[in-house]
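Treat the numbers as computed from the prediction; the structure is a model and nothing was measured. Protein chains get the first letters and strands the later ones, always in sequence-line order, with residue 1 at the start of each.
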There are 2 protein chains.
Amino acid sequence: MRRDSQETRQSIFDAATAEFAEHGIAGARVDRIATSARANKQLIYVHFGSKRKLFEAVVAEHVRRFMEAVPFDAAGLPEWVGNAYDFFAAHPEVAQLGAWHALEPGESEHRIAAIEDAIAHRTRAIRRAQAQGIVDSSVGPVELLAIVNALARTWVLAPPERNPPSGPDSRSVKRRRTAVVETTRRLVTPAAKPAAEHA
Amino acid sequence: MRRDSQETRQSIFDAATAEFAEHGIAGARVDRIATSARANKQLIYVHFGSKRKLFEAVVAEHVRRFMEAVPFDAAGLPEWVGNAYDFFAAHPEVAQLGAWHALEPGESEHRIAAIEDAIAHRTRAIRRAQAQGIVDSSVGPVELLAIVNALARTWVLAPPERNPPSGPDSRSVKRRRTAVVETTRRLVTPAAKPAAEHA
């Protein structure tokens, strides 16, 4: 341990992100994280308490970064979905961490406060925007939030058969972005206005 | 091995579905599948070749059952999404198998023919419906298909924080279904018609 503690923490964070994104929570190994971060395994336990707590700390930090990079805007959900799509395309590992959290057995007993707070905050913002008539209210705020989140991640968690073996080309990446923005636009445009309106 | 081969195959299929849905592909253990199916582990290898091939056979069979239970209808995508939502709500393990296939490292090198065929078949059907003006063509058929599939699975793969600890109640399950059907309706309704039309 020659490096300062801030730098060590960052190395552990990066290594843990990569390890959890690839292997999930059950499959992740703290000794691989330690080796990759060039940190002491015992030090990781001292800092974070357990593999489980390390996972939750890593997810909470990514939630914070995501909210900072893509500020939530209930009044501009189509643009928000486009920006969130860009974020997950650039950082698929973040969407993967969330997917393991959704998928692995027993995760329902491990609620992460940062995610609960983000959901509560955004749901309130959508509810206000609906009350003001800025967002269509055919779909309630709770469901609408879940749907726009799923839209932003459509391809990050799609089966491999949805991509050519060489991965999507740049035109395809652009078409996908346009598609989720357009889907959201139609969903949130108040019903009084025609869906056909492209102006 | 007292039981007939058809029954044994079904037991192995059920046990493999549960094991892969819970533990993923890397985490699944053929000896647990054998124990649960009351089958001989060697017999599983004789029948299926490998754990990998067993996974692919299980997924291919679920794809077949899904397509039979929820026939694809490009001209009635909102209803199709509602029925697909019901299917995954009743069989979350099927959506989970797909999620592991999307999530685990190395899966991009294991394309499953049944999934490729389903995508190709449905994409053609949407393209025809768009050419006929039945489905709006603002979003291309490839992207539209990926989006309606993601919509149908929104809550099966959502993080645990989107559900109360006791799970969603029946009103919530109904609201979710209505939300994905309505999202799809707005997406596929040809742009000439107003989105506000609820008739």
Side-chain angles (χ1 to χ4, degrees), chain A residues 22-24 26-27 96 98-105 107-112 115-116 118-119 136 138-140 142-147 149-151 153-163 165 167 172 175-176 178-180 182-183 186-187 189-198, chain B residues 22-24 26-27 96 98-105 107-112 115-116 118-119 136 138-140 142-147 149-151 153-163 165 167 172 175-176 178-180 182-183 186-187 189-198:
Chain A
E22 182 164 356
H23 299 286
Q96 283 158 0
W100 291 110
H101 180 44
L103 195 58
E104 290 195 40
E107 285 298 298
S108 60
E109 281 145 51
H110 292 285
R111 302 168 80 89
I112 298 178
I115 297 178
E116 294 195 303
I119 291 173
D136 186 81
S138 304
V139 170
V142 173
E143 290 76 26
L144 204 155
L145 180 63
I147 285 173
N149 269 283
L151 285 172
R153 293 161 210 227
T154 298
W155 284 278
V156 183
L157 304 173
E161 291 79 6
R162 292 208 184 278
N163 281 318
S172 172
R175 269 200 310 273
R176 293 172 176 186
T178 306
V180 295
E182 174 65 9
T183 305
R186 290 177 175 228
L187 177 59
T189 302
K193 292 181 189 169
E197 190 177 74
H198 277 280
Chain B
E22 181 164 357
H23 298 286
Q96 283 158 359
W100 292 111
H101 180 44
L103 194 58
E104 289 195 41
E107 286 299 297
S108 60
E109 282 145 51
H110 293 285
R111 302 168 81 89
I112 297 177
I115 297 178
E116 294 194 302
I119 291 174
D136 186 81
S138 304
V139 170
V142 173
E143 289 76 27
L144 204 155
L145 180 62
I147 286 174
N149 270 282
L151 284 172
R153 294 162 210 226
T154 299
W155 284 277
V156 182
L157 303 174
E161 292 79 7
R162 292 208 185 278
N163 280 319
S172 172
R175 270 200 310 273
R176 292 172 177 185
T178 306
V180 295
E182 173 65 10
T183 304
R186 291 177 173 227
L187 177 59
T189 301
K193 291 183 190 169
E197 190 179 74
H198 277 280

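Interface check for chain B: of the options Leu187(A), Thr154(A), Leu103(A), Asn149(A), the most heavy-atom pairs under 4.5 Å are formed by Leu103(A). Chain B forms the most heavy-atom pairs under 4.5 Å with one residue out of Ile112(A), Leu151(A), Thr178(A), and that residue is Ile112(A). Between chain B and the options Leu157(A), Val180(A), Ile147(A), heavy-atom pairs under 4.5 Å are most frequent for Ile147(A). Ranked by heavy-atom pairs under 4.5 Å with chain B, the list Glu104(A), Arg153(A), Glu22(A) is led by Glu22(A). Chain B forms more heavy-atom pairs under 4.5 Å with one residue of Glu116(A), Glu109(A), Glu107(A), Glu143(A) than with any other, namely Glu143(A). Annotation: maximal heavy-atom pairing with chain A below 4.5 Å, among Pro165(B), Gly98(B), Gly140(B), Ala118(B), occurs at Pro165(B).
Results of the side-chain contact (heavy atoms from CB on, under 4.5 Å) test with Val139(A) over Arg175(B), Arg176(B), Arg186(B), Glu182(B) single out Glu182(B) as the only residue that passes.
Only the backbone of Asn163(B) comes within less than 4.5 Å of a heavy atom of chain A; no side-chain atom from C-beta onward does. Looking at Ala179(B), the atoms closer than 4.5 Å to chain A (heavy atoms on both sides) sit in the backbone and in the side chain alike. Residue contact with chain A, scored on non-hydrogen atoms closer than 4.5 Å, involves the backbone of His110(B) exclusively. Looking at Ala146(A), the atoms closer than 4.5 Å to chain B (heavy atoms on both sides) sit in the backbone and in the side chain alike. Heavy-atom distances place the side chain of Trp155(B), and not its backbone, under 4.5 Å from chain A.
The shortest side-chain heavy-atom distance between His101(B) and Pro160(A) falls under the 4.5 Å cut-off.
The line from OG1 of Thr183(A) to CG of Leu144(B) is 7.0 Å long, rounded to the nearest 0.5 Å. Rounded to the nearest 0.5 Å, atoms CD1 (Ile115(A)) and CZ (Arg162(B)) are 9.0 Å apart.
Ala102(A) and Ala158(B) make their closest contact through CB-O, 3.4 Å (heavy atoms, listed as atom of the first residue, atom of the second, distance).
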